[in-house]
Amino acid sequence: MTTIESILMAVAFIALAPAIGCLLAGVDRKVSARMQKRRGPPILQPAYDVGKFLSKEQITPNSTQDFYVVCFLLFTIGTGAMFFAGMDLLLVIFTLTLAETFLILGAYSSGSPYSQIGAQREMYVAMAYEPVILLMAVCYYLEYGSFSVSDISSSDGMAVVPLIGVFLAFLFVLTMKLRKSPFDLSLSHHAHQDIVRGMATEFSGRTYAMLEISHWYESVMLLGMVALFFANGTVAGIVIGIIAALLAWILEIWIDNGFARMKWQTALKSGWVVTLVLGMGNVAVLLI
Amino acid sequence: MNDILFLLAFPFVAACLMLAIRDDRIRTAVAEVSAAIVIVTSAWVAYRYLGQPESFAFHSETIDSLMAVTEFVLGLAIIYIGYKHKKYLASVLGAITLVLFLGFEVFLKEGIETDNALYIDDLSIIMVLIIGIIGSLICVYAVGYMRDFQKHHPDDKDRRPWFFFLMYTFLSAMFGIVLSNDMTWLFFFWEITMLCSFTLIGYTKTDEAIRNSFRQLIMNQTGGIAFLLAMMILADRYGFLSIDTLLMQDGEAQWIMVAVMLLAIAGIVKSAQMPFHTWLLGAMVAPTPTSALLHSSTMVKAGVFLLLKLSPLMMGNACGYMVATVGGLTFLLASMAAISQSNAKRVLAYSTIANLGLIVACAGVGTPEAVWAGIMLTIFHAITKSMMFLCVGTAEHHIGSRDIESMDGLFERMPRLAGIMILGIVGMFLAPFGMLISKWAALTSFVEDGNLVLIGCLVFGSAVTSFYWTKWLGKLVCTASREGNCEDTVHCQEWVAVGSLAVLTVAICLMYPGVSDAAVIPWLEGAFGGFSEDLVPLLESNNMWIVLIMLVVLILLPLPFFRRTSKRVVPNYMAGEGVDSMSYRGSMGGTVEVSMRNWYMSGWFDEDRLGKIGEVLTVIVMAALLAAAALGVFA
Amino acid sequence: MSGTTKSPWLLHYDASSCNGCDIEVLACLTPLYDVERFGVINTGDPKQADLFLVTGAVNDQNKNVVRQLYEQMPEPKVVVAVGVCACSGGIFGDCYNIIGGVDKVIPVDVYVPGCAARPESIIDGVVKGLAVLEEKRKKISEAKS
Amino acid sequence: MAVMKFGGRILSNLFSRPATLNYPAEPREYPERSRGHVEFDPTNCILCGICSKKCPSHAVSVDKKGRTVSIDRKSCIQCSYCVDSCPKGCLSMRPGYCEPGASIPVDVFEVPEKTVSQKETD
Amino acid sequence: MTQNQTFETAEPGRIPALAQELRDGGYRLVQLCAVAMPEGTELVYSFDKDFDLRNIKAYVPEGETIGSITPWFWSAFVYENEVHDLFGVSFEGSQLDYKGNFFRVSTKTPWKNTANAGKGA
Amino acid sequence: MGKRTIVPFGPQHPALPEPVHLDLELEDETVVRAIPSIGYVHRGLEKLTESRDYKDMMYVMERVCGICSFGHGWGYAGAVEGLMGVEVPERGQYLRVMFHELSRIHSHLLWLGLLADGLGFDSLFMHCWRIREKILDVFEAITGGRVILSFCEIGGVKKDLTPEMLRMVGEACDFVEDEMRKTGLVFMKDTSVRNRLCGTGVLSKEDAMSLCSVGPVARGSGVNNDIRSVSPIYKDLGFEPVLYDEGDCWSRCMVRVDEIMGSLEIVRNAIRNLPGGDVSVPVKGNPPVGEYVFRVEQPRGEAFYYVKSDGTKHLERARVRTPTNINIPAMVKTLQGCSLQDVSMLVITIDPCISCTER
Ligand code: SF4
Ligand code: SF4
Ligand code: SF4
Ligand code: SF4
Ligand code: SF4
Ligand code: SF4
Ligand code: SF4
Ligand code: SF4
């Protein structure tokens, strides 16, 4: 990609991702409802929610919490923008970790026991999924000799084929990353949880709205990562990628509705086993 | 050359001076002035020799004899001390060292002349700067710190002259290590640092301190013996004892490989890699400036320095494989063990072991990219980790605990210190700070090298690393504290040191490409004969721009916040039974304070078990490869 | 922004009810009644709630809890008293530990009578509550401008 | 053990009609016996006050002097006890609940004076 | 479902001993309830073994205490604390004593205060 | 590492539909101490006997709890009938059993839903509650109430059932059975459900006995104290106690799943064998001086009723000891050493009905 293209892609992401993310979230709620034999809310419901939160009275437990959440939002946007601008995948991943850390600090900052427990859970779930994401980058590098998203997306051949192991592992940890059942330990999208609202317990008003918007950006970026496995520099590749990403989204909704929340031990163990078997296995195959 | 000699000798002179001074104020002045002189001298040396490696023909029988005699006397002293404290193993090892040393001096060294006893190159300059600047800052810090320390231990005799003597002597010894070309010199300084560390760990003279100091001693004696054996092999088989000659040898040759392996083991011991990592954990009983100086930023760096120095000889061979595996495993297992720790110094110790493991692994991989990453890691780690130690030390004196659990809401109680600590922690594992950028380079080089074990260790290890740092960070940022601000009693020396290190942490990130271009790459070109910048893909200009932007955002963004908020402040949600943000009405009546303890997952990350696993694995790797090399399997 | 009325998140608290009304409140969320059609989410967190559904007649031990939850909700907020107990104390009005109705503790905007209040009735109550919510929102934004 | 034992069910739900009643757009039909609210027919009321005495939540009150029977809708628990105990069958339980609102009415019913002849014809 | 309706009466001092005996005999505690009486409280203990119910009554005069049975039936703490909070009877040797915080009621010991006074009103 | 996490759990908590409070002390996720606090629903309704006569009291007792409202009505009525020597006609008795078992089905379905909700398994929660609505429809059509039935009265039941109504009950049973055949398997076999439930919160048989547990809690630990076992009418209707031995959350769950099936069978048998005649006998006069105890097997376990009369129309004492009351010790016991994520599991599987506990 040229610099101009990169900038255009980044701008497009920043402008369009919230809309797409919001729709995705709306579809999630609608489809979930239908899976539960309910009618469900309108597709635009997530937008209404955010609109409402923006217009509510602003309350906060302290003066610092907002800083972390703003950072979370900014860096999440930045991560996505870098990803779609075709930059270095490792840089994207590290920035994502940074964003994540800000969310955790935001949860910590109030001193609320529920959000802190949520933060702890977020941290070990992150411990379970981070290796896979790094291994994904490693595999791309081994296959294409570059960490650059633009190089990867414009290379011949679909990455899923040689990278099938990490692809499956990535799908597995996508559930954790999207905080969906069975791994919605730290912050469930369903409002019923054993630690109240988990990390978001003390978030309200604009702060909560920012969290939601960040989730939108995050979802789009993660689906972008799914699509990257299919991109091969042609329009067809992009179309297949988008379809695959949407299918992945539906799959996640289905999984979300088909599972109970598992024990944290299971989350960590399964995450690591998947990483070892599928992720490291894939690396080993590529090395040979 | 005189500047080099000055650099070597001056700290020792200052040390002797301080041993003689009994008055606190005068000693403070001397300490501060000496520190300033050391900083200026190191900067001067760096300025003068940067990009111009030079060797110095320097040979003096007197000095050689002096060193030999000193070593002999100290060896006898160790045997005696070990005997006195009933640590017979130390005595036995001391005796072995002594016998080997005598044998070496009498039979092998004869006739081997090393013309260039001293040298300086870009890697040495980096180390000189680390030792000179960071070491001196820590010494300055120690002035303030030890004043409080003495207050907290009023019953103890004031042995501060002795303390400062050791600290400054140690600086000299460190300069010696990084500037000596003659391996007998190197060995001499190597042993001196061991003894300084031994004495400083035992400084408080508690049973635990003495036990731990002997553990350090015994392990490092083992390393010393390995070093001696290596020298004996080189002297016996090849008849040289200089580093530069060694670096010109063929790493695959049987006895060269054995010698390099033995040297590598000496380096592994010194850099507290598994199975020798426990000495560093035990060393945490020493006063905090000691931990910062010896056990995080300099002495342990002597180990990795040696390994990095030797890395061209390790590229792609069994020795490299040994070193890389030990480093990789140590990185992973020590990071895991850090999760189960709540003592801040122990967390820092484990993190130090882990980070050194990464550097060691880089050295073991031995490709220019890996070594590049290793050197960068060394720089960042030295700055950031020593800063963290100093912060913990200050915090301990003001909140009365070095337990991370007691740091709840430190951001409210000691805002500036907590801010610096946050910077330090963030600097240890997050983008866009140097440690992470270097880790990134390390990962790339491991992938290039195709080493599956290292990739696995790094990938899992980083995930684990985030966990223990983030939960510490969380403690600092939460606002749940009832105690008031207690920051104004921090000594100005402590602020100077900590503040300078904080500035350095950020500055060095901003100067990242500069450091790389000015010192690291030229050295690599020299050492590996050709090295192109492209090999480090992350240095691509647009990546660096992003990193810079992130850095600036992170530094400027907090400014608009942290004022009084315009929002309505509502106490924390407490399930409806809250009294205020921090307490609620309890079951048995009365008010119950909420408290939050981080997770330690000791069932998963039990430090003893992890330590055992690491010891067994690394011993097997080392023993097997060393034996195989000695039998000539790889030749 | 009129998202307010399209996204009422509710907080439910059982201030000493007999469970009858609570399960009917819960039943509203289930497929047959599915209040999520109106954007309702049953959140457990007062800081994100707009509607406060209280069931039960409020006993002595509960009154502070009810008050605190109410205070922790951001404006605009609406209180719906669900069930006869919450409206007036109902059959338990005479009990020694009963304060008698939610309005003795916090201002109530909508009363939903019935023992137990039927899901349809609760839905109606929520819908009425939304109108009140919108009014309050307007008042607040007027006061601001 | 079976992974996602419920997976098939939710998928089939996705493609079948939701169970949701379209309330309030379509009003709900209640069964005949449904206890919604109490209705009062003053015709035969003799103001004996039994209903008021029986009511467990003091929702009915009878004012003999003012000749009124009032039902406090906010307190009525629809137990039907008054209906069952009224000797004159003036009270009845009907489906359909009392509307929620910002205030709930106390319905006051006047009981008209009865002529002697009326009483006798009873 | 209909049970054995006999009510044995016991001296309050014997209750702990009886409890131990019944525990050893394989009985479980079904309930403990209190009835406010003139100048005192009557406690009714019910025990069950294979659906055979034994009810034991003990009268505790006002101001006197009774031995707790929690050492043998730990679960009795729920009843004993309740009776303490509502009737004002004190149990000695309780294994889990809420010290009057089990029920936080508006009036202290509401049953005791109005015992018999409001009766029949 | 002396410090512990201290967290208030409840009274307002999304995982707890009812107000109960726990002081939780945690190390990591492990609960090292849990001190319950109840009293959030304590109304003191037993004391209403002082102002409500013994028949009026019926309406109060029905509101001990809105879930097994019917059972409480029966328990109270049974005790008073015993005291007064009233014999309920057979048809009335059968109808009581029928409604009691229907209540059990609805209560267990409700409970399974709440369990699923606690598991973060929304779709299963919705599913259970959708099935349950069928029973509520039956309730409303026959008794006029969805929740508070007001169906039991002293002397029998209030209304008779028409043949269509009986058919409706049968159809509802078919519907529930059909759905439960599949749904029960989810609770029994699904990996993620078992992941959370199996081995969680084990209550040994000895503990269940020494803590005097009742209901599914005891039966999940292999202790049968289901009072229905000694009722002749239940015997005739083919009642079998459901026992599981594991003592964990899963076995407590499976007891309830199986009991739904058992209750369906009982209801069907009751429809089939329903005798003719009156559904109630008129009861006149005040209860005689005396006292009476009565036990009913509620969905959550044995409930105990005690009435004492001094011969006036106001009872001297009307006492109900509800199942949860005596299951709280088991809850406290299993909470020690459990994991925070399992707290809601434990609390739910013990199924504390706080309303009835505190009255
Ligand atoms: S209305 Fe009265 S009797 Fe009914 S639950 Fe509420 S307080 Fe209790
Ligand atoms: S109104 Fe009736 S059903 Fe609702 S809580 Fe009160 S008594 Fe229970
Ligand atoms: S609660 Fe309302 S609707 Fe129901 S009977 Fe009473 S007044 Fe009528
Ligand atoms: S029967 Fe009822 S209405 Fe008639 S006098 Fe007695 S209490 Fe009053
Ligand atoms: S239905 Fe019950 S509560 Fe309502 S007025 Fe009649 S007796 Fe009173
Ligand atoms: S309504 Fe019936 S019970 Fe009430 S006062 Fe009139 S006649 Fe008497
Ligand atoms: S446990 Fe049962 S009765 Fe209690 S609140 Fe929950 S659903 Fe209602
Ligand atoms: S245990 Fe009591 S309150 Fe709970 S459902 Fe059963 S009878 Fe109702």
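Letters A, B, ... mirror the listed sequences (proteins, then strands); counts begin at 1. The basis for the numbers below is simple: all heavy atoms, side chains too, and nothing from hydrogens, waters or symmetry mates.
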Heavy atoms only: give me the nearest A:Ala85-A:Ser6 pair and the separation to one decimal.
O-OG, 3.0 Å
Tell me, out of B:Val426, B:Leu473, B:Leu476, who's got the most heavy-atom pairs with chain A below 4.5 Å.
B:Leu473
Please identify which of these residues, B:Leu454, B:Leu377, B:Thr465, B:Leu443, meets the side chain to side chain contact (heavy atoms under 4.5 Å, CB included) condition with B:Leu358.
B:Leu377
Quick check on A:Ile59 against chain B: is it the side chain, the backbone, both or neither that has a heavy atom closer than 4.5 Å?
both
At a 4.5 Å cut-off on heavy atoms, which part of A:Leu74 comes close to chain B: side chain, backbone, both, or neither?
side chain
Report which part of A:Ala119 has an atom under 4.5 Å of a heavy atom belonging to chain B: side chain, backbone, both, or neither.
neither
Please look at B:Trp469 and chain A and tell me whether the side chain, the backbone, both or neither of the residue comes under 4.5 angstrom of a heavy atom of that chain.
neither
Heaviest contributor of heavy-atom pairs below 4.5 Å to chain B, chosen from A:Met127, A:Gln265, A:Glu130, is A:Met127
A:Lys177 bridged to A:Glu100 by N-O distance under 4.0 Å:
yes
Which is it for A:Tyr108 and B:Asn598 under the side chain to side chain donor-acceptor pair (under 3.5 Å) test, yes or no, and what are the steps along the way?
CA-CA 11 Å; A:Tyr108 258 107; B:Asn598 273 338; 2.4 Å; yes
Is A:Gln120 in contact with chain B via its backbone, its side chain, both, or neither, using a 4.5 Å heavy-atom distance?
both
Name the residue from A:Tyr141, A:Phe94, A:Phe147 that meets the ring-ring contact (aromatic ring centres under 6.0 Å, His included) definition with B:Trp440.
A:Phe94
Looking at A:Leu268, A:Val132, A:Ile133, which makes the most heavy-atom pairs under 4.5 Å with chain B?
A:Leu268
If I measure from the heavy atoms of chain A, does B:Leu452 come under 4.5 Å with its side chain, its backbone, both, or neither?
both
So what's closer than 4.5 Å to chain A heavy atoms on B:Leu458: side chain, backbone, both or neither?
neither
Apply the test side chain to side chain donor-acceptor pair (under 3.5 Å) to residues A:Thr207 and A:Asp66: give CA-CA distance (whole Å), side-chain angles for both, the deciding distance (0.1 Å), then the verdict.
CA-CA 6 Å; A:Thr207 317; A:Asp66 283 354; 2.9 Å; yes
Part of B:Val594 lying under 4.5 Å from any heavy atom of chain A
side chain
Do A:Phe203 and A:Tyr208 make the cut of ring centroids closer than 6.0 angstrom?
no
With ring-ring contact (aromatic ring centres under 6.0 Å, His included) as the test, pick out the partner of A:Phe172 among A:Tyr129, A:Phe183, A:Trp272.
A:Phe183
Examine whether an atom of A:Leu98 lies under 4.5 Å from a heavy atom of chain B, and if so say whether it belongs to the side chain, the backbone or both; otherwise answer neither.
both
